[in-house]
Visitor: 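Sharing a structure with you now.
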Amino acid sequence: MAMATRILLRELDTPNIHKMDVYMKNDGYEGLKKAIGMKPAEVIDEVKASNLRGRGGAGFPTGVKWSFIPQTEPVKYVVVNADESETGTFKDRQIMENNPHQLIEGAMIAAWAIQATAVYIYLRGEYWDVAAGLDKCIAEAEKKGFVGKNVLKSGWDCPMYTHLGAGAYICGEESALLESLEGKLGQPRVRPPFPAQKGGGLYAEPTVVNNVETLANVPWIMVNGAAEYKKFGTEQSPGTKVFCLSGHVKKPGNYEAPLGSLTLRQLIFDEEYGGGVPGDKKVKAVLPSGGSGPIIPATDEALDMPLTYEDMQKLGTILGSASIIVMDEDTDIAWVAAKVTKFFKHESCGKCTPCREGTYWLDKVLDRIMADQARESDIDLIANIAKNMQGVTLCALGDFAANPIIHTVKNFPDDFKRHVGETAVTAGGSARRGAAAPAGD
Amino acid sequence: MLADKYADRIETAFAKYPTKRSAVMPLLYIAQEEYGWLSPEAIEEVASLCDLDPTQVRSIAGFYTMYRERPKGKYWLQVCTDLACALKGADEFYEQLLEELGLDHENDTTEDGTFTVEHVMCLGACDRAPMLQCNFHFDPKYDRLDMEKARKLIEEWRSEAKKK
């Protein structure tokens with residue numbers, strides 16, 4: 001067990017890994033040295049062979065993404081998506097705070113692989129302190145010749161900069177992130193052209209956008225090889241993953257484990273991980289991928305399913321960024337739907353009509369439901385609004401905003417029915433945590 | 001004037017990007033730090049530094065929630081009340097904090113200008129709920145809050161504000 005089941009949260013095994021000297025003594029920047037000794041295409045092949053999948057939520061193969069970049073273009077960018085804003089996600093923060101050089105090294109390997117001319121790390125605005133910490137680390141790496149001019153005497157120049165957002169969930173969407181980095185409103189772009197193509201990336205140049213956790217895997221893959229990496233995890237989900245565990249668990253936090261080595265039940269109940277539910281209550285529901293993924297009832301089948309991309313699909317949900325929010329038996333799922341809808345109403349960028357208007361109407365009707373002033377037909381009404389938001393927007397936010405409605409109504413109809421018609425409890429009644437949800441503006 | 005007082009920081013911001021426009025977000029932060037909020041004059045100043053129209057800059061200030069176009073208190077407290085935090089009682093904590101400072105959803109700033117209290121969307125610290133950030137900074141002291149801890153913090157901030 002002690003042997004390298006952790007690739008990312010290494011501060012738990014090696015104290016002070018955030019310091020350059022400690023990092024260097026523990027294979028630090030060896031991956032970058034190895035990469036620069038190889039041809040860029042060979043680096044891409046190695047990452048492809050590892051089948052590393054994007055950890056930001058979509059799970060797209062990282063090496064394949066890199067291979068889309070046209071090598072002939074003189075200006076190319078790597079952009080690190082550190083906008084981590086999904087409800088229930090706090091893994092990238094821990095990686096950047098405690099193992100920052102591994103991210104910097106991973107980003108530089110990606111940059112070598114596509115022969116990038118600069119790297120930008122786009123952090124959510126709230127990670128002000130994290131950005132300041134990274135700036136110091138980047139300066140150290142520059143002094144050592146790992147970043148900046150003539151990287152490791154290869155003749156290749158590649159500076160690295162941090163950029164702070166300012167509080168907009170939508171900027172985690174890659175094309176909105178690029179808009180924001182260009183000093184514009186964070187609104188998604190029409191694609192094609194895709195970011196990897198000329199005309200579609202940052203400043204219209206070909207650009208790779210990768211999540212923090214994704215890139216932090218890359219140095220390990222370079223040092224140990226794709227074959228070793230694939231020994232962790234499953235065929236379709238290789239490697240380890242950081243699981244962000246929150247909500248009704250005794251020990252919320254980030255837990256890293258090989259994909260497929262843990263079930264939901266183990267993650268929630270084992271002493272090593274969540275340690276069970278406060279008050280030893282039963283689990284009612286789980287959101288495996290934050291607010292945006294489909295909610296699932298905590299059946300035995302679900303609890304015993306291994307945590308992988310492919311197994312979560314069998315349950316009709318997604319692993320996504322593995323932001324696992326646990327809800328106990330007393331949670332009112334209608335309240336959860338209302339809460340998550342306030343989030344998406346606030347975060348909709350306003351560009352596409354179905355998302356902008358849909359979230360607004362969902363919020364209004366859900367307020368009515370939560371005030372126990374709704375009609376039975378209101379449940380069908382929200383399901384109908386949500387269905388009409390799916391697949392018709394420029395980015396996934398429209399679908400994300402529909403999920404909390406469609407899957408809560410489908411899986412927990414009784415939680416809605418008790419708020420409507422003659423059976424409705426009067427306002428302020430039984431709906432635990434149903435009151436005092438502040439208005440999202 | 002920002003251009004004189006923050007010449008180094010402004011230059012650092014411009015040096016990061018191939019276009020001046022990209023520096024608009026870091027410059028808005030500098031302006032907000034200097035003036036406490038983004039007044040129309042502050043926005044004009046940033047616009048002229050970035051060669052943009054003030055209307056464009058105002059639309060950016062309005063789009064992103066961390067820019068504030070109204071005066072705010074010296075201590076800007078943002079409480080996360082998103083789902084993961086709310087499951088741990090963040091809604092109730094936010095209401096109690098407002099009440100403690102004599103504020104409500106509309107009047108979010110104390111009359112003496114010491115505190116502004118807002119609820120915000122996920123701050124990426126769901127394992128530490130209920131929690132808040134103060135002037136964009138996190139601190140272990142702001143984690144796993146209840147009103148007893150919050151009252152101590154308020155007291156600390158009040159006495160710190162008096163010294164300034």
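Just so you know, these numbers use all the heavy atoms, side chains as well, and skip hydrogens, waters and symmetry mates. Below, chain A is the first sequence line, B the second, and so on; all start at residue 1.
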Visitor: So which part of L287(A) gets closer than 4.5 Å to some heavy atom of chain B, the side chain, the backbone, both or neither?
Guide: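 Only the side chain of L287(A) comes within 4.5 Å of chain B.
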Visitor: Heavy atoms only, distances under 4.5 angstrom: which of A168(A), G88(A), G253(A), G186(A) has the most pairs with chain B? Name it, please.
Guide: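 Of the options given, most contacts go to G186(A).
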Visitor: Which residues in residues 8-31 of chain B have any heavy atom closer than 4.5 Å to a heavy atom of chain A?
Guide: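 Answer by number: A15(B), K16(B), Y17(B), P18(B), T19(B), R21(B), S22(B), V24(B), M25(B), P26(B), Y29(B).
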Visitor: If you count every heavy atom of other residues, nucleotides or ligands that lies below 6.0 Å from E156(B) atom CD, does the total exceed 12?
Guide: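 For E156(B), atom CD is crowded (more than 12 foreign heavy atoms under 6.0 Å).
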Visitor: Apply the test side chain to side chain contact (heavy atoms under 4.5 Å, CB included) to residues S180(A) and F63(B): give CA-CA distance (whole Å), side-chain angles for both, the deciding distance (0.1 Å), then the verdict.
Guide: CA-CA 11 Å; S180(A) 179; F63(B) 184 87; over 6 Å; no
Visitor: Can you give me every donor-acceptor pair (side chain of residues 54-61 of chain B, partner residue at least two apart or in another chain, under 3.5 Å) with its distance?
Guide:
unit_1 : atom_1 : unit_2 : atom_2 : d
T55(B) : OG1    : D53(B) : OD1    : 2.9
Q56(B) : OE1    : D53(B) : N      : 3.0
S59(B) : OG     : Q56(B) : O      : 2.8

Visitor: Looking at side-chain heavy atoms only, is the closest gap between P252(A) and K88(B) below 4.5 Å?
Guide: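 Contact flag for P252(A)/K88(B) side chains = yes.
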Visitor: Under a 4.5 Å heavy-atom cut-off, does chain B meet the side chain of S85(A), its backbone, both or neither?
Guide: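 For S85(A), the backbone is the part near chain B, not the side chain.
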Visitor: Report the C-alpha distance between F90(A) and C122(B) in whole Å, list the side-chain angles of each, state the deciding distance to 0.1 Å, and finish with yes or no for side chain to side chain contact (heavy atoms under 4.5 Å, CB included).
Guide: CA-CA 10 Å; F90(A) 43 93; C122(B) 190; over 6 Å; no
Visitor: Please state whether the side chain, the backbone, both or neither of C244(A) comes within less than 4.5 Å of a heavy atom of chain B.
Guide: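 It is neither, since no heavy atom gets under 4.5 Å.
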Visitor: For atom NZ of K152(B), is the number of surrounding heavy atoms from other residues, nucleotides or ligands below 6.0 Å larger than 12?
Guide: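 Open: at most 12 neighbouring heavy atoms sit under 6.0 Å from NZ of K152(B).
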Visitor: If every non-hydrogen atom of A166(A) is compared with every non-hydrogen atom of Y64(B), which pair is closest and at what distance?
Guide: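 Smallest heavy-atom distance, with atoms named: O-CB, 3.3 Å.
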Visitor: Where does F344(A) contact chain B at under 4.5 Å (heavy atoms): side chain, backbone, both or neither?
Guide: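 It is neither, since no heavy atom gets under 4.5 Å.
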Visitor: What distance do K342(A) atom NZ and M121(B) atom CE have between them, rounded to the nearest 0.5 Å?
Guide: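 Between K342(A) NZ and M121(B) CE, I get 8.5 Å after rounding to 0.5 Å.
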Visitor: Could you look at V130(A) and say if it's the side chain, the backbone, both or neither that has a heavy atom under 4.5 Å from chain B?
Guide: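 It is neither, since no heavy atom gets under 4.5 Å.
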Visitor: Against chain B, label L185(A) side chain, backbone, both or neither, depending on which of its atoms sit under 4.5 Å from a heavy atom there.
Guide: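 When you check distances to chain B, atoms from both the backbone and side chain of L185(A) fall under 4.5 Å.
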Visitor: Which residues in residues 123-143 of chain B have any heavy atom lying under 4.5 Å from a heavy atom of chain A?
Guide: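 Heavy-atom contacts from residues 123-143 of chain B to chain A are L123(B), G124(B), A125(B), C126(B), D127(B), R128(B), Q133(B), F136(B), H137(B), F138(B).
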Visitor: Can you tell me which portion of E347(A) sits under 4.5 Å from chain B's heavy atoms? Options are side chain, backbone, both or neither.
Guide: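 The side chain, not the backbone.
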Visitor: Anything in residues 32-47 of chain B with a heavy-atom distance to chain A below 4.5 Å? Please list those residues in order.
Guide: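 Answer by number: none.
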Visitor: Starting at CG of L87(B), measure out to NE2 of H248(A) and round the result to the nearest 0.5 Å.
Guide: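 L87(B) atom CG to H248(A) atom NE2 measures 4.5 Å (nearest 0.5 Å).
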Visitor: Which atoms of K184(A) are under 4.5 Å from chain B, going by heavy atoms: the side chain, the backbone, both sets, or neither?
Guide: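 Backbone plus side chain of K184(A), per the 4.5 Å heavy-atom cut-off to chain B.
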Visitor: Check each atom of E126(A) against the heavy atoms of chain B and say whether the ones under 4.5 Å are side chain, backbone, both or neither.
Guide: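 Looking at E126(A), backbone and side chain both touch chain B.
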Visitor: Hey, is NZ on K136(A) packed in by over 12 heavy atoms from elsewhere, all under 6.0 Å?
Guide: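 Result for NZ/K136(A): open.
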Visitor: Quick one: pull up CG in D82(B) and OG1 in T87(A) and give me the separation to the nearest 0.5 Å.
Guide: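 Reported value, rounded in 0.5 Å steps: 3.5 Å.
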Visitor: Using a cut-off of under 4.5 Å for heavy-atom pairs, which of I325(A), D129(A), T89(A), L164(A) has the most such pairs with chain B?
Guide: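 Sorted descending by pairs with chain B, the first entry is D129(A).
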Visitor: Can you tell which part of Y203(A) gets under 4.5 Å to a heavy atom of chain B, answering side chain, backbone, both or neither?
Guide: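 Interface part for Y203(A): side chain.
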Visitor: Answer yes or no: is there a donor N or O on one side and an acceptor on the other, between the side chain of K339(A) and the main chain of T81(B), under 3.5 Å?
Guide: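 The answer is yes, because a donor-acceptor pair under 3.5 Å joins these two groups.
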Visitor: Can you tell which of M327(A), E86(A), E84(A), R124(A) has the highest number of heavy-atom pairs within less than 4.5 Å of chain B?
Guide: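 The candidate making the most pairs under 4.5 Å is R124(A).
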Visitor: Output, in order, the C-alpha distance, side-chain angles, deciding distance and verdict of side chain to side chain contact (heavy atoms under 4.5 Å, CB included) for Y169(A) and T65(B).
Guide: CA-CA 10 Å; Y169(A) 170 83; T65(B) 52; over 6 Å; no
